[in-house]
Amino acid sequence: MKTKNQIQICALQGSPRGMKSRTRKLVRFVLSGAEEEGADTELLDLHDRKIEACTACDACALTGKCVFDDDFLSIVQMMRLSDGIVLGSPVYIDNVSGQMKIFVDRLADSIHYQVLTGKYGCAVATTWSSGGEEVVSYLNHVINYLGAQALPGMWVALEDDEQAIYGSEERARQLGRNLVRAISAGTRFPEQLRIIEENRAFFASIVTANSEWRREEYDEWVKRGWI
Ligand SMILES: Cc1cc2nc3c(=O)[nH]c(=O)nc-3n(C[C@H](O)[C@H](O)[C@H](O)COP(=O)(O)O)c2cc1C
């Protein structure tokens, strides 16, 4: 059990529009709610970081390291050091933005090795009108895929009203407060835990297949009783 003032929340948002971004504002509201509950927070704009697209070279599986020397690793480190992760994206053609998808694709090895096990996350999206539910559901799936549990997220359809995001401020703050409360209470979402366990059983075959060249991580999985 964590005390609230130890809790660290990091947020990654996928809009390229900087301070004009409504997704960024929504994520900021979530973080403000988390801060009200005593958490330390950090927000990172993926667009400002250098993140190469995955080339499927398989180096991560073979070595545990990506061939690209860019900002990806430090972002994953930040996620691993956090207790809660907020993912936010605008809806682009009924999906996440390219910035977010390029980042998510680079997470394949982190997913195989379940690096966010025991953590919590939530997802938010903004859209003109369509795709909000699908994007939140996809980002929640990514959070589960990494081994973390996800709180029910939120999306906001704003059309062309740049100010409408403020109408969702309280709901987003509440989401941030709920995220911190779930972390400090160790809330269990049984259906998600079942899915995470199923995923882990599948990924155990990958960790086992890599065991010769990634012995330490394999031994850790054995120690945890996952293999
Ligand atoms: C490339 C692109 C694709 C978009 N695709 C959709 C879409 O499929 N459905 C929709 O309702 N809005 C779509 N939009 C509108 C954005 O989702 C919406 O304006 C969002 O709030 C922008 O977020 P931001 O202010 O954080 O950048 C699209 C916008 C762009 C730039």
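- When all heavy atoms are compared, the tightest approach of C122 to I143 is N-CD1, 3.6 Å.
- In plain terms, the two heavy atoms of D70 and K50 that are nearest each other are CB-O, 3.2 Å.
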For a salt bridge (charged side-chain N to carboxylate O under 4.0 Å, His left out) check, start with the C-alpha distance between E198 and R200, then their side-chain angles and the critical distance, and finish with the verdict. CA-CA 5 Å; E198 254 177 42; R200 199 165 58 215; over 6 Å; no
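- Ring to ring, Y113 and F203 are not that close: their centroids are 6.0 angstrom or more apart.
- Hydrophobic cluster of I196: no remaining members, since no ILVMFWY side chain lies below 4.5 Å from it.
- Put simply, the side chain of I75 reaches to within 4.5 Å of the side chain of L46, judged on heavy atoms.
- Put simply, V136 and V30 are part of two different groups of oily side chains (I, L, V, M, F, W, Y) that touch within less than 4.5 Å, one to the next.
- A side-chain N or O of R177 and one of Q174 form a donor-acceptor pair less than 3.5 Å apart.
- In this structure, the side chains of S82 and I9 stay at 4.5 Å or more apart for every pair of heavy atoms.
- Between Y138 and V96, the shortest heavy-atom contact is CD2-CG1, 3.8 Å.
- The shortest heavy-atom contact between A125 and G132 is CB-O, 4.3 Å.
- Remark: side-chain polar atoms of D58 are not paired, donor with acceptor, to backbone N or O of A61 under 3.5 angstrom.
- Remark: the backbone N or O of R22 is not paired with any side-chain donor or acceptor of T126 at under 3.5 angstrom.
- For E162, the CD atom is densely surrounded, since the number of other residues' heavy atoms within 6.0 Å is greater than 12.
- Between the side chain of E42 and the main chain of M78, no donor-acceptor pair closer than 3.5 Å is present.
- The hydrophobic cluster containing M154 does not contain L12, counting ILVMFWY residues as joined when their side-chain heavy atoms lie under 4.5 angstrom apart, directly or transitively.
- For D109 and R214, the salt-bridge test passes: some basic side-chain N is under 4.0 Å from an acidic carboxylate O.
- Contact check for E37 versus N178: no side-chain heavy atoms found under the 4.5 Å cut-off.
- A donor-acceptor contact shorter than 3.5 Å is absent between the side chain of W213 and the backbone of G64.
- The hydrophobic clustering, which links ILVMFWY residues whose side-chain heavy atoms are closer than 4.5 Å, places I195 and L116 apart.
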Check step by step if side chain to side chain contact (heavy atoms under 4.5 Å, CB included) holds for V86 and C10. CA-CA 6 Å; V86 181; C10 77; over 6 Å; no
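- Between the OG atom in S110 and the CG atom in L73 there is a gap of 8.5 Å [rounded to 0.5 Å].
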Could you check D105 against K101 for salt bridge (charged side-chain N to carboxylate O under 4.0 Å, His left out), going step by step and ending with a plain yes or no? CA-CA 6 Å; D105 288 352; K101 187 61 167 68; 2.5 Å; yes
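- Distance check, rounded to the nearest 0.5 Å: CG of L179 to CG of L31 gives 9.0 Å.
- Not one N or O on the side chain of K119 forms a donor-acceptor pair closer than 3.5 Å with the backbone of I85.
- Linking Ile, Leu, Val, Met, Phe, Trp and Tyr whenever their side-chain heavy atoms come within less than 4.5 Å leaves L139 and L26 in two separate clusters.
- Judged by distance alone, the side chain of D83 and the main-chain N or O of Q8 form a donor-acceptor pair under 3.5 Å.
- Side-chain contact between I51 and F68 is absent, with no heavy-atom pair separated by less than 4.5 Å.
- Distance alone, capped at 3.5 Å, places no donor-acceptor pair between the Y218 side chain and the I227 backbone.
- We find that R194 and E197 are not joined by a salt bridge, their nearest charged nitrogen and carboxylate oxygen being 4.0 Å or further apart.
- E35 and R28 are joined by a salt bridge, as a carboxylate oxygen and a charged side-chain nitrogen come within less than 4.0 angstrom of each other.
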Can you list the steps and then say if M100 with S97 is a side chain to side chain contact (heavy atoms under 4.5 Å, CB included)? CA-CA 5 Å; M100 179 57 80; S97 66; 3.7 Å; yes
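- For the pair R24/S15, no side-chain contact is recorded, criterion being any heavy-atom separation below 4.5 Å from C-beta on.
- One N or O on the side chain of Q149 and one on the backbone of F189 form a donor-acceptor pair closer than 3.5 Å.
- Closest of all the heavy-atom pairs between G88 and V27 is CA-CG2, 4.0 Å.
- The CD atom of Q114 lies 10.0 Å from the CD1 atom of I206; values are rounded to the nearest 0.5 Å.
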List the steps, then state whether side chain to side chain contact (heavy atoms under 4.5 Å, CB included) holds for L158 with T127. CA-CA 6 Å; L158 298 158; T127 174; over 6 Å; no
V91 vs N95, side chain to side chain contact (heavy atoms under 4.5 Å, CB included): CA-CA, chis, key distance, verdict: CA-CA 5 Å; V91 173; N95 213 312; over 6 Å; no
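- Looking at Q13 and T23, their side chains never bring a donor and an acceptor atom within 3.5 Å of each other.
- Taking 4.0 Å as the cut-off between side-chain N and carboxylate O, D219 and R224 do not count as a salt-bridged pair.
- Annotation: side chain of L146 is in contact with side chain of M79 (closest heavy-atom distance under 4.5 Å).
- The two residues I102 and E52 make their nearest non-hydrogen contact at CG2-O, 3.6 Å.
- Expressed to the nearest 0.5 Å, how far SG of C54 lies from CZ of F72 amounts to 9.0 Å.
- Between W221 and W226, the ring planes are perpendicular. Angles over 60° get that label, and only those under 30° would be called parallel.
- By the 4.5 Å heavy-atom criterion applied to side chains, E169 and R173 are counted as neighbours.
- Atoms CG and CG, from N210 and L62 in turn, are 7.0 Å apart once rounded to the nearest 0.5 Å.
- Remark: C60 SG to H112 NE2 distance equals 8.0 Å, nearest 0.5 Å.
- One hydrophobic cluster holds both V124 and I165 under the rule that ILVMFWY side chains link at heavy-atom gaps under 4.5 Å.
- No donor-acceptor distance shorter than 3.5 angstrom exists from the side chain of S168 to the backbone of R171, with no hydrogens or angles considered.
- Of the possible donor and acceptor atoms, one in the side chain of N144 sits under 3.5 Å from a partner among the backbone N and O of A148.
- W155 is not listed as a side-chain neighbour of V135, based on a closest heavy-atom distance of 4.5 Å or more.
- In this view, K20 satisfies the side chain to side chain donor-acceptor pair (under 3.5 Å) rule with no residue, not counting sequence neighbours.
- Residue-environment remark: CZ (R80) stays at or below the threshold of 12 foreign heavy atoms within 6.0 Å.
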